[in-house]
Amino acid sequence: MLDAKLFRNEVAETAARLAETRDFQLDVAQLEQLEQRRKELQVRTESLQAERNSRSKAIGKAKAQGEDIQPLLAAVDDLGNQLEQAKVELHEVQEELHAIISGVPNLPDASVPLGKDEDDNQEISRWGEPHQFDFTPADHVDVAHKLANGMDFEKGAKLAGARFVVLQGAIAQLHRALAQFMLNLHVNEHHYTEAYVPYLVNHDTLYGTGQLPKFGEDLFHVQGATEKQVPLSLIPTAEVPLTNLWRDEIADEAQLPLQYAAHTPCFRSEAGSHGRDTRGLIRQHQFDKVELVWLVKPEQSMETLETLTQHAERVLQLLELPYRKVLLCTGDMGFGACKTYDLEVWLPSQDTYREISSCSNMWDFQARRMQARFRRKGEKKPELLHTLNGSGVAVGRALVAVLENYQQADGSLKIPTVLQPYMGGKTEIKCI
RNA sequence: GGUGAGGUGGCCGAGAGGCUGAAGGCGCUCCCCUGCUAAGGGAGUAUAGGGUUUGUAGCUCUAUCGAGGGUUCGAAUCCCUCCCUCACCGCCA
């Protein structure tokens, strides 16, 4: 959520920036009108409340002194109704305003290139050379198939439906090895606090990171057995629980920066992506991810984005997977981000780079929604934190990348050196 | 799942329809006193929003005692629903 002051004092400028960068049309006239109504109603409501309070106090005093309070009660008679009505109207206007404002995306940082979609993204760097195969590289589905049928989409479909998978044997083990390796790297070498978090979260939590109210259809929602139970949703990323650890909290400056890492499954309904990446592991309803989250002082957030991204890059470097780093343009960034780097890993079967990590600085956008704050030493007023998150990295897609980049002519798979300790020292997975 | 007890400021803990944004204590900040250490005295110490304003200063108003509704001129206090915590019992990985 953007600062409400931007909508009060600089509506026109804000609308122009949103239109330019986000192709987002802010209805300025409507907003101004609502804002004016809000002001009137709030002033009216609060002065009525003030009057009621002082009159009630007077009644209390009169009563204590044994005076007749009937006339005082009569004088206050109509006040209740007026107040009631003003409150209802104020509430309506505030709801309307809130609905509009909470649906406005974050403003991009000045360093972000203007653009419409992914074609306008800016490549920052490349790492590693795509391996030259002396045979036609198979895609990960075929590679896995030859390895003891380690990736079974039919079983996944039988158990749950389309976009689910069952991994077995060495492939399942490799999947686990990847997650373990990543989490260990971040916790042991990059000093993240390891966290185990709920995979189901409530709506307040989802609102905090920006999934609600706008993106509810991207999630799986779970209704408890009884109607009274609060509705929960499966997390689409561990960013949600990790960032919300500090919802409605005020950190001491000395506690900062806070950095968390978690390995969790992620659940996405992928509504609206019918027909995209239907083959293979690329786009599933359920996938694992190691997520990195930072909460920092505002003046540190931009340099933290670089650090965070490097941590994700390190995973790919150690796995010796070629990748490129891309700075997303304004039009391709997520709702709450002010600056995002994507890491795209080389997939030989597709002869292209595919997203495997996305690292974003959310500025104070989520923190404002969450009221996640900190207090500087010696200062009275708490300030909003800045939040950042990044995948470090997506486990399923990392598995895809390893399968495709490490495949051998005979159908067997070399195991990346850094994963070998997690695979019982094995150096390859033989085909059957 | 059952029964019982609770959820009050940074923390502990009173209050049980009006003068309570909330006693008292602890902690913290500032000042004073004390030749060290210890102790003592005084003042201050929530958050959000609105109005005023060039102002994140000041002044002022409003809201907040787990959440949401209700009763009332007036609710931390009474009623209802939900959430959470603790204890014991049952069940369970």
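We name chains A, B, ... by the order of the sequence lines, and we start the count at 1 in each one.
- Within 4.0 Å (heavy atoms only), Lys39(A) reaches sugar-phosphate atoms of the nucleic acid but no base atom.
- When heavy atoms are screened at a 4.0 angstrom cut-off, Arg368(A) is found touching no nucleic acid atom at all.
- Rounded to the nearest Å, the gap between the C1' atom of C80(B) and that of U62(B) is 27 Å.
- Following rounding to the nearest Å, Glu40(A) (CD) and G51(B) (P) show an atom-to-atom distance of 12 Å.
- Here the P atom of nucleotide C73(B) and the CG atom of Leu79(A) are 12 Å apart, to the nearest Å.
- Looking only at distances, no side-chain donor or acceptor of Gln30(A) sits under 3.5 Å from a matching main-chain atom of Leu26(A).
- Checked against a 6.0 Å centroid threshold, the rings of His263(A) and Tyr196(A) do not count as neighbours.
- Side chain of Thr307(A) to main chain of Glu303(A): a donor-acceptor pair is present (N/O by atom type, distance under 3.5 Å, no hydrogens or angles).
- Counting non-hydrogen atoms under 4.0 angstrom, Arg373(A) reaches the backbone sugars and phosphates but no base.
- Per the geometry, CD belonging to Gln42(A) stands 7 Å off P belonging to G51(B), to the nearest Å.
- Pair check for C78(B) finds G70(B); Watson-Crick or G-U wobble, both atom distances under 3.5 Å.
- A close approach under 4.0 Å does not occur between any side-chain nitrogen or oxygen of Arg44(A) and OP1 or OP2 of G51(B).
- For the pair Leu83(A) CG and U72(B) P, the interatomic distance rounds to 14 Å; values are reported in whole Å.
- Atom name P, nucleotides A76(B) and C65(B): the rounded distance is 6 Å, in whole Å.
- Between Lys381(A) and A48(B) there is a side-chain polar atom (N or O) within less than 4.0 angstrom of OP1 or OP2.
- Contacts of Lys61(A) with the nucleic acid, taken as non-hydrogen atoms under 4.0 Å apart, are absent.
- Taking the C1' atom of each, U8(B) and G90(B) are spaced 34 Å apart, rounded to whole Å.
- Of the candidates G18(B), G49(B), A48(B), the closest approach to any side-chain atom of Glu46(A) belongs to G49(B).
- Taking the P atom of each, U77(B) and G17(B) are spaced 11 Å apart, rounded to whole Å.
- As rounded to whole Å, 16 Å separates atom P of A67(B) from atom CD of Gln371(A).
- Note: Phe335(A) and Phe215(A) meet the aromatic proximity criterion, with ring centroids under 6.0 Å apart.
- For His140(A) and Phe153(A), the gap between ring centers reaches or exceeds 6.0 Å.
- Judged purely by atom type and a 3.5 angstrom limit, Thr243(A) has no side-chain atom pairing as donor or acceptor with the backbone of Val240(A).
- When distances are taken from the side chain of Lys57(A) to each of U62(B), G21(B), A48(B), the shortest belongs to G21(B).
- G90(B): no Watson-Crick or G-U partner with both key distances under 3.5 Å is found in any strand.
- Projected onto RNA chain B by closest heavy-atom contact, Glu84(A) and Thr45(A) fall at different nucleotides, the more 5' of which corresponds to Thr45(A).
- With a cut-off of 3.5 Å on both pairing distances, the Watson-Crick or G-U wobble partner of A46(B) is U64(B).
- Considering Ile356(A), Val402(A), Leu178(A) in turn, Ile356(A) is the only one that fulfils the side chain to side chain contact (heavy atoms under 4.5 Å, CB included) rule with Arg397(A).
- Checking the phosphate oxygens (OP1, OP2) of U62(B), a side-chain nitrogen or oxygen of Asn53(A) falls inside 4.0 Å.
- Along RNA chain B, the nucleotide nearest to Gly60(A) and the one nearest to Lys5(A) differ in position, and the one closer to the 5' end is contacted by Gly60(A).
- For the P atoms, the distance linking C28(B) with C11(B) amounts to 15 Å, nearest Å.
- Residue Leu90(A) contributes atom CG, which lies 11 Å from atom C1' of G49(B) at whole-angstrom precision.
- For the C1' atoms, the distance from A67(B) to C92(B) is 30 Å, rounded to whole Å.
- Pairing of G40(B), defined by two Watson-Crick or G-U wobble distances under 3.5 Å, is identified with C32(B).
- Of the possible donor and acceptor atoms, none in the side chain of His386(A) sits under 3.5 Å from a partner among the backbone N and O of Glu299(A).
- When the nucleotides C73(B), G51(B), U62(B) are ranked by their closest atom to the side chain of Val43(A), G51(B) comes out on top.
- Thr14(A) places a side-chain N or O within donor-acceptor distance of the main-chain N or O of Leu6(A), the cut-off being under 3.5 Å.
- At the phosphate of A63(B), OP1 or OP2 sits under 4.0 Å from a side-chain N or O atom of Arg52(A).
- Across the strands present, C59(B) finds its partner in G51(B); the criterion is a Watson-Crick or G-U wobble pair with both atom distances under 3.5 angstrom.
- Nucleotides G25(B) and A87(B) place their C1' atoms 27 Å apart, quoted to the nearest Å.
- Across the protein-nucleic acid pair, Lys87(A) atom NZ and C61(B) atom P stand 18 Å apart, rounded to whole Å.
- Comparing U62(B), G18(B), U47(B) by their closest approach to the side chain of Ile250(A) singles out U47(B).
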Hey, what are the protein-to-nucleotides 9-12 of chain B N/O distances that come in under 3.5 Å?
none

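- For G15(B), the paired base is U8(B) (Watson-Crick or G-U wobble, both distances below 3.5 Å).
- Rounded to an integer number of Å, the gap from Asp248(A) CG to A48(B) C1' is 11 Å.
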How far apart are the C-alpha atoms of Leu83(A) and Asn81(A), what are their side-chain angles, what is the distance that settles it, and do they pass the side chain to side chain contact (heavy atoms under 4.5 Å, CB included) test? CA-CA 5 Å; Leu83(A) 179 59; Asn81(A) 291 332; over 6 Å; no
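- Base pairing annotation: A23(B) forms no Watson-Crick or G-U wobble pair, as no partner gives both donor-acceptor distances under 3.5 Å.
- If you take atom C1' in G15(B) and the same atom in G7(B), they sit 15 Å apart, rounded to whole Å.
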